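Single-structure report; data block below.
Since we're looking at a predicted model, the values are computed, not measured. Proteins get letters first, then strands, A, B, ... in listed order; numbering begins at 1 in each.
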2 protein chains.
Amino acid sequence: MEPTDENALKPIASVDLVVLALSEHGLQVLLIRRQADPFRGAWALPGGWIHTDEDPDLDAAAARVSREKTGVETPYLEQLATFGSAGRDPRGWSVSVGYVALLPADEVAGRAAESTDTAWHAVTGDGVAVPLAFDHASILRAGLIRLRAKVEYTSLPVHLLPAGFTLGELQAVYERILGRRLDKSAFRKRIAEVDFVEPVPSAMRRGSNRPAQIYRVKPGLGTAFFDRTI
Amino acid sequence: MEPTDENALKPIASVDLVVLALSEHGLQVLLIRRQADPFRGAWALPGGWIHTDEDPDLDAAAARVSREKTGVETPYLEQLATFGSAGRDPRGWSVSVGYVALLPADEVAGRAAESTDTAWHAVTGDGVAVPLAFDHASILRAGLIRLRAKVEYTSLPVHLLPAGFTLGELQAVYERILGRRLDKSAFRKRIAEVDFVEPVPSAMRRGSNRPAQIYRVKPGLGTAFFDRTI
DNA sequence: CTAAGTTAGTTGATACTTCACACTAAGCCT
DNA sequence: AGGCTTAGTGTGAAGTATCAACTAACTTAG
């Protein structure tokens, strides 16, 4: 347990983010083209070293990386898992703490065209079409598994919607991520049970049909858990 | 993302284990009394530095620590979460990857009296009666939450039993961890549904009553998930 | 040798939940 | 006015949980 040899044994420590958003074309993940070796020119998850001099803790490091790399203070950030091995980074034994970040749909367009080296990529199955640097394909896969698992029994998908949304839109998000249709009345019953949204008074989504009540998440509540599955 | 300054920014990286077992008196966690500063003399979770020269990856580091500190190759080892901050270790910014290990009940007695500096402590609520070094109380709490959550919907508690067990014993493990009684017929139905155990031919637990069929986990299967909850 | 005690393992009756689908409501468009 | 679309609700059949009783197979006491 004792440090026989100081820095020699310290692994490289970084934070990598799986930033996800939902567009009309499905789940999108934010990738950055690497400017430097190793894997120069390859797409990678946004990530960065832990700055021991400025990051108070891991969550803060992840939030800082999110801000720096994506220009966005992601409203939802959750630790995923930690990936560490001798071979995942050619520069040496490295540890990467993976995080999942969810972004509302209305943030996606703005962030997309900002730079040619930052782009949203469509998620197909458990990955993306392009090869990823390091073991980022594994981290992405783990992030998708986590998201899909939690969608089954939590209110997590609200973070993929803007602050105001209709129940129909919320149900559509669940259906898109799960890849299956949900029964409308059962869905609404679940949402009512866990009681994490409230109608915004007299706010209605209008269209060429019956207007829909707009809801927002009740302030001060964390992620809600359903009794069973959605 | 690039390493401006080599080792100066590397945090200290270690692995800490929440080793749990179930005795007649309830859940027990394996603790080690620290021999060195910081927190000399305090109880701590078994843990150790990542050895970048001998550990191929994090899971291997956890397995090695388990072997070295507890003398046991824990059959079940699962990554829990990673704890990292400037203040959790007085020696500097440190990252600890937490693992949960489950030990069969029949291993507990052997490991207990091995050394005065290694002891099983009863889990009460979400912790132990003694104060723990570093942020180990938080890691332990997270481990217990993880265990209790997974017991609701997975076959994980089999790892707290020896290789052969009766369905009554398995149900008792679930009941002890969950702290509530389960219905016998519903329990057996669940177990049959997920189909992760098989009867050991003509192996019976005998006592002063009707003998019970002994089961074992089907070889080659990972943790099984129930459709609903147990 | 029999009856009582104990735990194993199964069965069934009732209450509740889920599921699929149909229905009504309220707007726009032609 | 009538048709189209999406919002939101209701309803009956099917499935599931819950509780409790039942039979089975052993040991032990007498």
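- With a 4.5 Å cut-off on side-chain heavy atoms, Ser155(A) and Val194(A) do not count as touching.
- The aromatic rings of Tyr153(A) and Phe225(A) lie tilted to each other, with the angle between the two planes from 30° to 60°.
- The side-chain heavy atoms of Val128(A) and Trp120(A), taken from C-beta on, include no pair separated by under 4.5 Å.
- Look at Arg180(B) and Glu152(B) and you find a salt bridge, because one of the NZ, NE, NH1 or NH2 atoms lies within 4.0 Å of a carboxylate O, short of that distance.
- For residues 163-195 of chain A, proximity to DNA chain D is found at Lys184(A), Ser185(A), Arg188(A), defined as any non-hydrogen atom under 4.0 angstrom from a strand atom.
- The closest side-chain heavy-atom distance from Val18(A) to Ile139(A) is below 4.5 Å.
- The stretch residues 201-216 of chain B touches DNA chain C through Ser208(B), Asn209(B), Arg210(B), Pro211(B), Ala212(B), Gln213(B), each having a heavy atom under 4.0 angstrom from the strand.
- You'll find the side chain of Leu77(B) stays beyond 4.5 Å of the side chain of Asp59(B), heavy atoms only.
- Ring orientation note: the planes of Tyr174(A) and Phe187(A) are nearly perpendicular, at an angle over 60° on the 30°/60° scale.
- Screening Phe83(A), Trp43(A), Phe39(A) against Phe134(A) for a ring-ring contact (aromatic ring centres under 6.0 Å, His included) leaves a single residue, Phe39(A).
- In summary, contact between chain A and DNA chain C, defined as any nucleotide atom under 4.0 Å from a heavy atom of the protein, begins and ends at dT18(C) to dC28(C) in the 5' to 3' direction.
- The minimum heavy-atom distance linking Arg34(B) with Ala133(B) is given by the pair CD-CB, 3.8 Å.
- Taking 4.5 Å as the limit, some side-chain heavy atom of Glu198(A) sits within range of a side-chain heavy atom of Pro219(A).
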